[in-house]
Amino acid sequence: MKKIFCTAVAVAVASFLFSGCDGFSKQEVKMSHAQIETHPEHLGLVAFKEHVESKLGDKFEITIYPNATLGANEKVIQNVKAGEVEYLVISSANLELVDDIYSLFSLPYLFTSEDAFESFITDTKTLDRLSTDSIDNGFSTVAVFTSGTRNFYATTPIKTVADIQGKKIRVQAGPANVAMIQAFGGTAVPMSFGEVYGALKNGTLDGAENNELALTDQRHGDIAKYYTYDRHQMSPDWLVASNKFLESLSKEERKVFEEAALIAQQTEMAAWHGSITDAKEHAKSMGVQFIDVNVEDFRNKVLPLHEQFLADHPEYKDLYDSANQANVAQTQAASAETEQESETSDVSTPNQDEKSSN
Ligand code: GCU
């Protein structure tokens, strides 16, 4: 309560300072997210802030609120819709609660590789399609952030699908994630990100599912010592903006904010893979064990959810098909690369022979 009260007072004071007194009329732009300050998403928002303030610093001051200090994302999205918070980084699963087109990304094994996933989410056609859908909901989707691959982690090892049976697994709020855990045979416990540590500690949960950063940034690896590479979900986060705010901007200002969104996206993506490598090393030093499993067994268990999704949402079939095309294109690109590599090595062999015979 105290924390919420203090945050509310801080926001009120900041708003007054930025827009309340004469002669000091910079507009505060609030950006909210739920990660810590070294997370790639925070770095993306810092790059956003720098870009906007370098171009429009006389008019706007960007304040980044990390660690869900403005509240859990499920709540802040309502503030964005109302125009009280200008920007928010939010997961696909949480957005699904306000626009079910985002439930596509909760489908397990939608993507066959992170390359296909990244090429699909960064395709401007994808962003346009989602943003058009969301516009009537009071917000616009202005950038996408990768969130890697989600895997299970628990207080006891998950080595086979059967090990999920009977486990209480935290999921992000949203029906698609609940359905996924049920299909795996576990008990789904929907919960906000910030509550997971306490629930793992007091035994309300046996495990959760997320990318490797949850082990270290959120310290879940203090309690859950087994991380299983079943690779069930690649689900991005989105930078969403309040339509009220975007509509209040002039054409020139809006262009600067759009450039900043793209810079944030590129910054986040560039930082991502390095931070996962670091997190994995850090988690090992916390005593977390990484377990490789037969991914096909896990995949087969939940594949019927794809048919269910298409039956429930024929209106999103175009997006589903585009995601599959990204998979196919990536597989073709990877095999063309392998072929080229083997041709190069075939060509280089005689040369090497020549050299050695000389
Ligand atoms: C990841 C993701 C967040 C999400 C969180 C969660 O950290 O990047 O957007 O909120 O998982 O599981 O709640």
Side-chain angles (χ1 to χ4, degrees), residues 31-45 64-77 80 85 87-99 102-103 105-106 108 114 117-118 121 130 139 141 143-154 168-178 180-181 186 188-200 204-205 207-221 223-224 227 231-240 264-265 267-269 271-273 275-276 278-280 282-283:
M31 305 190 93
S32 174
H33 71 88
Q35 308 290 353
I36 65 171
E37 280 150 279
T38 51
H39 191 282
E41 292 181 348
H42 186 84
L43 306 181
L45 297 192
I64 305 170
Y65 293 90
N67 295 310
T69 37
L70 291 188
N73 286 351
E74 297 92 316
K75 174 197 145 274
V76 180
I77 185 65
V80 171
V85 170
Y87 285 89
L88 167 69
V89 181
I90 182 167
S91 65
S92 303
N94 287 163
L95 267 189
E96 181 190 327
L97 302 173
V98 286
D99 183 349
Y102 295 90
S103 62
F105 297 98
S106 295
E114 283 204 13
F117 166 63
E118 286 178 17
I121 61 173
L130 295 167
F139 65 92
T141 310
V144 65
F145 295 151
T146 180
S147 189
T149 303
R150 294 180 79 99
N151 296 287
F152 287 114
Y153 51 98
K168 291 168 285 179
I169 307 279
R170 178 267 174 170
V171 286
Q172 300 183 77
N177 279 295
V178 172
M180 175 180 75
I181 298 298
V189 186
M191 190 181 279
S192 284
F193 196 32
E195 292 169 12
V196 181
Y197 182 87
L200 283 169
T204 308
L205 295 172
E209 48 83 53
N210 214 317
N211 60 58
E212 295 87 335
L213 288 172
L215 299 170
T216 52
D217 287 5
Q218 306 297 319
R219 307 221 49 97
H220 296 173
I223 307 147
Y227 190 93
R231 305 183 194 281
H232 60 260
Q233 214 177 55
M234 295 176 203
S235 178
D237 291 340
W238 305 92
L239 179 62
V240 298
Q265 178 174 315
T267 306
E268 196 267 353
M269 297 262 181
W272 182 262
H273 296 283
S275 67
I276 289 296
D278 294 348
K280 207 172 158 181
H282 181 183

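All heavy atoms count here, side chains included; hydrogens, waters and symmetry mates do not. Just follow the structure's listing: the first ligand is 1, and inside any ligand the first atom is 1.
Not a single heavy atom of H33 sits less than 4.0 Å from an atom of ligand 1. Residue contacts with ligand 1: R150 is included, with a non-hydrogen atom under 4.0 Å away.
Distance from atom 4 (C) of ligand 1 to its nearest protein heavy atom, with residue and atom name: Q172 OE1, 3.6 Å. Nearest to atom 12 (O) of ligand 1 among the protein's heavy atoms is R170 NH1, 2.6 Å. Among protein heavy atoms, atom 1 (C) of ligand 1 sits closest to N210 OD1, 3.4 Å. What sits closest to atom 7 (O) of ligand 1 on the protein, heavy atoms only, is Q35 NE2, 3.0 Å.
Ring centroids of Y65 and H33 are separated by 6.0 Å or more, keeping the two rings apart.
Interface atoms of ligand 1 facing D237, defined by a heavy-atom separation under 4.0 Å, are 2 (C), 3 (C), 8 (O), 9 (O).
Below 3.5 Å of separation, one finds no N or O of N94 facing any N or O of ligand 1. Here's the thing with E209: none of its N/O atoms is less than 3.5 angstrom from an N/O atom of ligand 1. Among the atoms of H39, none of the N or O lies under 3.5 angstrom from an N or O of ligand 1.
Side-chain contact, T141 with Y102: a donor N or O sits under 3.5 Å from an acceptor N or O. Defined by atom type and a distance below 3.5 Å, a donor-acceptor pair is present between the side-chain atoms of H220 and Y153. At a cut-off of 3.5 Å, with distance as the only test, a side-chain donor of N211 or S147 sits close to an acceptor on the other residue.
Taking 4.0 Å as the cut-off between side-chain N and carboxylate O, R150 and E209 count as a salt-bridged pair.
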**Request:** Starting from the C-alpha separation in whole Å, work towards a yes-or-no answer on ring pair (Phe, Tyr, Trp, His ring centres under 6.0 Å) for F105 and W238.
**Result:** CA-CA 12 Å; F105 297 98; W238 305 92; 5.5 Å; yes

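By the 4.5 Å heavy-atom criterion applied to side chains, Y87 and V240 are not counted as neighbours.
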